[in-house]
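Reviewing the structure listed below.
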Amino acid sequence: REVMRIGGDSVIKIDIRIIAATNKDLKRLVHEGKFRKDLFYRLNVLPLETVPLRNRKEDIVPLVHRIKNELELKFSLTKAAEEIFRNYSWEGNVRELKNCIEYLAYLDKDVIDSADIPFVKYEDKDEFMINDAHKEAAERLLKLIRNDEKRYGFILESLYNSLMDKKRIGRRSLVELSEKKGIYLSENEIRRMLNILKDYDMVTLLNGRGGSQITELGIKILHKMQTGLNG
């Protein structure tokens, strides 16, 4: 907490806090020699992992109301419009959400319906729409796990629920959940099934006790398993 001006001869005491943000894997970059190790450990005092808005669907509508209040806007959203807000991918996170609300304010309407959100393409309104490659992957997986869909569906659903709860879940917890559901999977069975799902890019297996996490493709496939591939 001290600095010295270039060319100076006296130390100046300062009281500051530095907040650094990145979307890169800094540990990996350190190992690759692309980021200074000493700087990483100077910065990594209180690490905070932020969750994308698309993985916090329950926060979207409350955030809409908060931003509206901050901007002193009075319009309301129909249920259909709220559903679009929940299911849109929000690649730009809260910044994109705020831009969207500011756009709707210029429409000068008391009630905003789904038809009033023109820059959200129809395809984007269905988070669970999958392309042909994903559909083929789903069909191959379903063919592979024929007569075992219930157990795989249980794993994907459990991982999805833990994601919504902002938690990560390990094999041991999945074993306990399976017993409560009356499915009764062993830890070895779960390991095998997770590896198969990983091969189809539907789950990510984290090192150590990090647990397992469902991917966006896994969420889409879970929905298709629940509603049918043509649903």
Side-chain angles (χ1 to χ4, degrees), residues 19 21-25 48-139 141-142 153 156-169 197 200-204 213-231:
I19 299 175
T22 182
N23 61 358
K24 305 294 184 183
D25 184 349
L48 297 173
E49 183 178 352
T50 58
V51 181
L53 190 56
R54 61 183 174 275
N55 292 342
R56 296 186 287 130
K57 294 185 181 298
E58 71 280 3
D59 293 340
I60 292 175
V61 173
L63 276 171
V64 170
H65 293 311
R66 176 171 176 172
I67 294 171
K68 279 174 47 189
N69 291 336
E70 290 175 351
L71 299 176
E72 298 182 350
L73 303 176
K74 303 298 183 183
F75 67 78
S76 60
L77 299 176
T78 65
K79 294 296 183 183
E82 286 186 358
E83 197 63 25
I84 290 176
F85 271 80
R86 288 192 189 94
N87 290 331
Y88 184 56
S89 59
W90 299 112
E91 296 294 330
N93 291 298
V94 177
R95 185 180 291 110
E96 184 183 5
L97 178 64
K98 185 176 181 181
N99 290 344
C100 176
I101 294 170
E102 289 180 350
Y103 171 88
L104 296 175
Y106 290 122
L107 298 180
D108 196 25
K109 288 189 171 185
D110 294 330
V111 179
I112 299 297
D113 200 0
S114 56
D116 299 318
I117 314 177
F119 54 89
V120 178
K121 296 180 180 179
Y122 176 77
E123 291 81 9
D124 292 329
K125 294 175 188 176
D126 184 1
E127 176 199 9
F128 304 108
M129 184 171 290
I130 60 177
N131 59 34
D132 290 340
H134 290 165
K135 190 171 183 178
E136 288 176 9
E139 289 172 343
L141 175 66
L142 292 177
L156 288 173
E157 184 177 7
S158 299
L159 294 179
Y160 176 75
N161 291 337
S162 70
L163 179 65
M164 291 299 98
D165 292 336
K166 304 182 181 67
K167 297 177 181 178
R168 288 175 180 165
I169 188 170
L197 291 170
Y200 283 84
D201 296 323
M202 295 181 192
V203 303
T204 300
Q213 190 167 354
I214 192 170
T215 64
E216 289 189 29
L217 176 57
I219 294 172
K220 294 176 182 179
I221 299 307
L222 170 64
H223 182 75
K224 291 302 176 183
M225 291 174 70
Q226 293 170 337
T227 62
L229 280 173
N230 295 319

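Scope of the values below: all heavy atoms of this structure, side chains included, with no hydrogens, waters or symmetry mates.
The CG atom of L73 sits 9.5 Å away from the CG atom of L104 when rounded to the nearest 0.5 Å. With values rounded to the nearest 0.5 angstrom, D110 atom CG is found 9.0 Å from I112 atom CD1. Remark: R54 CZ to N87 CG distance equals 14.0 Å, nearest 0.5 Å.
Applying the side-chain contact (heavy atoms from CB on, under 4.5 Å) test to T22 and every residue at least two apart in sequence or in another chain returns K24, L26. For E49, the side-chain hydrogen bond (donor to acceptor under 3.5 Å, both in side chains) criterion is met by R168, not counting sequence neighbours. With sequence neighbours excluded, the residues that form a side-chain hydrogen bond (donor to acceptor under 3.5 Å, both in side chains) with K109 are D116. Qualifying salt bridge (charged side-chain N to carboxylate O under 4.0 Å, His left out) partners for E82, counting only residues two or more places apart in sequence or in other chains: R86. Among residues two or more places apart in sequence or in another chain, the ring-ring contact (aromatic ring centres under 6.0 Å, His included) test is passed with F85 by W90. S76 is linked by a side-chain contact (heavy atoms from CB on, under 4.5 Å) to V111, counting only residues two or more places apart in sequence or in another chain. Residues passing the side-chain contact (heavy atoms from CB on, under 4.5 Å) test with D201 are L217, sequence neighbours excluded.
L197 has its side chain out of reach of T215: every pair of non-hydrogen atoms, C-beta onward, lies at least 4.5 Å apart.
Closest approach of I169 and L159 over heavy atoms only: CG2-CD2, 3.2 Å. Closest approach of I117 and A81 over heavy atoms only: CD1-CB, 4.3 Å. Of all non-hydrogen atoms in E102 and L71, the two that sit nearest each other are CG-CD1, 3.7 Å. Nearest approach of L156 to M202, heavy atoms of both residues: CD2-O, 4.3 Å.
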Atom pairs and distances, donor-acceptor, side-chain atoms in residues 60-69, under 3.5 Å, two or more places apart:
{"residue": "R66", "atom": "NE", "partner": "E70", "partner atom": "OE2", "Å": "3.4"}
{"residue": "K68", "atom": "NZ", "partner": "F75", "partner atom": "O", "Å": "2.4"}
{"residue": "N69", "atom": "ND2", "partner": "H65", "partner atom": "O", "Å": "3.2"}

